[in-house]
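The structure appears below as structure tokens.
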Amino acid sequence: MAKKHLDDFFPKSRIVHEKSTVSSTSRVQEEERKNIEVIIRDPKNPSPSVFVSATYDGEKRVACIGLYNAESEKIHFWHDNTGHKPYLLTNLSPIELEKMSRVVSHPGLEQFELVEKYDPFQDRTVAVTKVVTKDPLAIGGRSRGCLRDIIPEDYPKIGGKTEAKVWEAAIKYYQCYIYDRQLAPGMLYEIQNNNLIQVKDESSDQMVNEICSLFTTEPKEALRNIETWARLLEYPVPNFRRVALDIEVFTPTIEIEGKLTFRVPDPREAAYQITCVSVLGSNGEKRVLLLKRAGVREGKSKLPPDVSFEYFDSEKKLVLEVFKVLQEYPFVVTFNGDDFDLRYLAHRAQNLGIKRNQIPIEVGRRVCRLRYGVHIDLYKFFFNKSIQIYAFGRRYIDVTLNEVGKALIGLPKLELTKPFNELSYGELAQYCMQDAEITLKLTTFDDNLVMKLILALTRISRMPMEDVSRQGVSRWIRNFLQFEHRRRNVLIPNTEDILAAKGKTTTKAIIKGKKYKGAIVVKPIPGVHFNVAVMDFASLYPSLIKVWNLGYQTIRCSHPECKGNTIPDTPHWVCTKDRALESLLIGSLRDLRVRWYKPKSKEKTLSKKMRSWYNVIQSALKVILNASYGVFGAASFDLYCPPVAEATAAIGRHSITQISNKARELGIQVIYGDTDSIFLKNPTPEQIDSLAQWSKEELKMELGVDKLYRYALLSSRKKNYLGVSTDGSVDVKGLTGKKRHIPIFIKESFNQMNAQLAQVKSPAEFEGAKKQIANIIRTCYLKLKKREWERIDDLAFHVVLGEAPDHYVKTTPQHVKAARLLQEKKYKLEAGDLISFVKVVKEPHVKPVQLASNSEIDVEKYVGHLQSTFDQVLDALGLDFDEIIGLTKLERFM
DNA sequence: GCGGACTGCTTACCT
DNA sequence: ACAGGTAAGCAGTCCGCG
């Protein structure tokens, strides 16, 4: 860290002094005045535009902002005119830098500036040098010889004694621009006299005020932060005019086992013809562009009459027509367009001799951008684990257009009845259009939920829409934290600075190879328990981060007087003087979700439209909050801080332990608990109230009733139970019968059992249900024994390949064995593919379902799986599998 | 040389 | 490219055993 003082620096011609700001509160206000120009929206003026994209224009050497005007439904671009330049920060003085020949002679160097930054580790302002460049590549391009490498490399050569450091050198230029100008992607802007000016729309003021009135007891700083978030989130969403695009390419076929299989053409080579492109606009435009080919029949399609069929005798003309579409629409949605459709189009266009400047696609390493619009690749968005699990509640498992389409909008891909290359024009058009339709509808269903979700995340994360829809939750979190650092003029630390200052973890994980100890799972009391209340802490980890002021700056802070503020079960302590940025921001997001958006999304008096809007926001917040603790324990996160993650988990354990003890003290039996929840047997409303009250007073944590089960059926295993709610719905958690890899044959019986259990209202009614359940199991067993399954597919296990088949070296699990058998038959398999296999008598005891026949099935293996699936529930019910299937004790012994 | 006890690997789940 | 904890099923290894 720079220990130098401003006095140590001698101004030179290239050196510019920036006005320095000192005290921490005035610092923030100062930054705000400087950066935020705001005008009030005038209803009579032409509508302002939404900030949707940000890039660096390499030719003009400035930031370029894409603005979408909801009225004209077009995107226009604005180039920076403020003279903002790329830079990095270093602890070296300009004098020292002047001595470094490779720095001074660097063609990209512009100037050195002296600036002050707040150092979060030392809790004081320090002087650093801002090395300003003409071009972001001068700071950290892929090529060697960029300044962020040169400075530390050459410092010893000029006799430098301390360590040369650079900061903020890995931030994308356009993000840096957003931070410095404190811009708000997803919000309204206007160009006035060629200046970019934020437009304040007063229509959301009332809501923002209402929200803020909920938080008047919060500290001023928190309230301010809540207001900022509320303003971003309450703002209305424009209509995004968009087009869904899908292309079909001639596909070489190969024959396997008499079946024709196709190989997806390589988009980098683009060696085959583009045969069909479907275009489906959100405004109703429906077009199919077809390439005329010899020997292709006209055929029929069931497409509606408003779809226009356009035939091209030249592929080049077809492609150029597609490019017109790409230039005409402000937003283009695809499913895997980054890696296939747009990439193929671009390379094919080159192969066809189309000039570069006529191709509106910028092909990147991983992304394909549009020169004049925004490309949203839904595959990347739906692939995002957080989106998959928390926003869509695991409704889809495989990220394919077919599966996602089926799961979210009930629209599967068209099934082909003949080989792809033999389709008539009509059939091809219909197939292609169906894909475009699924793609478009994935963005329009539930009142444009997906577009709204992307926009909400854009606003929270301060990122362009294209980035937010492709990157993971840790980037979203990183970016809004970096934004806040800049707002407060706090030096953004390097990952190694944090690690060096705060160290690693101290607790021992239960799982080998993990970095620290995690949550507690309370051992369940097996059996049937009537009248169970499940209480949980609302957003446990985000709440702890808020209440305990956790963040990289505050954990193990440098103030001696804070060391007494210890964290249970760890040697760590936390700061009592400064507020951690993470604590503040994550805490505000948590408060907004728990106290405003979640209740609003359920408020019956609101219109369906409003409720669904609140639901979008609360899901977006949920996705972010769910990851907000994990990121601190992830080495890939820029603000990685193991002690923060460890402390959070430790306080979590402490909290659930305390609350369990208190429950018992109140005379309530705790029959189970996991991480943030406790299952209470037959508690009175008063007992529940006093527990919640105690939590609020003693732990400063909100504890509420999450579920009321008529009864809960606990197995002896942790994370395995079944709960029947008061409304008769059944929650199945962790039980084998629910897992997706299990054969449908077994799953069906399991579901039948659940249906029986859902009927049970009182202990007395259990007897009848037990008989029914025994029947279900016996029937299933006998069907197996008599080999009377309907289709062999019903017996298939479905397991995902975590790696490519050749990558397994330590062991060969069964699904890999099956995968290798498929590979022998020339199937192409890679990581992420789902393998369906059955268990057979002969070595190696598994066979891919595609290659297996009924006679080979090892029935005894399946009986074994049937038993283990049901045993998890039967012991709690006091039933015995062997007895059910009619084995006497003697037979069992034999 | 063989079977049981054990560890390790892999996947799917829970919070 | 968010975390750790738990379960199941199988693969592979070690050890004892005349």
Positional range of nucleotides in DNA chain C within the contact set of chain A, heavy-atom, under 4.0 Å: C/dA1 to C/dG12
Taking the six-membered ring for Trp, are [X] and [Y] closer than 6.0 Å centroid to centroid?
{"X": "A/Phe382", "Y": "A/Phe392", "answer": "yes"}
{"X": "A/Phe837", "Y": "A/Phe797", "answer": "yes"}
{"X": "A/Trp229", "Y": "A/Tyr597", "answer": "no"}

Ring pair (Phe, Tyr, Trp, His ring centres under 6.0 Å) between A/Tyr640 and A/Phe632, intermediate numbers included: CA-CA 5 Å; A/Tyr640 173 51; A/Phe632 295 111; 9.5 Å; no
Residue from A/Arg369, A/Lys380, A/Gln471, A/His375 passing side chain to side chain donor-acceptor pair (under 3.5 Å) with A/Glu466: A/Arg369
Of A/Pro493, A/Pro642, A/Pro643, the residue whose pairing with A/Tyr552 passes side chain to side chain contact (heavy atoms under 4.5 Å, CB included):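 For A/Tyr552, the side chain to side chain contact (heavy atoms under 4.5 Å, CB included) check succeeds only for A/Pro493.
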Protein-nucleotide distance (A/Ile511, atom CD1; B/dC13, atom P), rounded to Å: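 About 17 Å, once rounded to whole Å.
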Gap between atoms CD1 and P, on A/Ile510 and B/dT15 respectively (whole Å):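 Whole-Å distance recorded here is 17 Å.
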Sugar-phosphate, base or nothing in reach of A/Lys508, heavy atoms under 4.0 Å: nothing
Touch class at under 4.0 angstrom, heavy-atom based, for A/Ser636 against every strand present: base
Residues A/Arg653 and A/Asp569 bridged, charged N to O under 4.0 Å: yes
Intermediate values then yes/no, salt bridge (Lys or Arg N to Asp or Glu O under 4.0 Å), A/Asp638 and A/Arg478: CA-CA 7 Å; A/Asp638 290 55; A/Arg478 177 194 73 180; 3.5 Å; yes
Protein proximity profile, nucleotides 1-11 of chain B - base contact B, sugar-phosphate-only contact S, no contact -, cut-off 4.0 Å on heavy atoms: -------SSSS
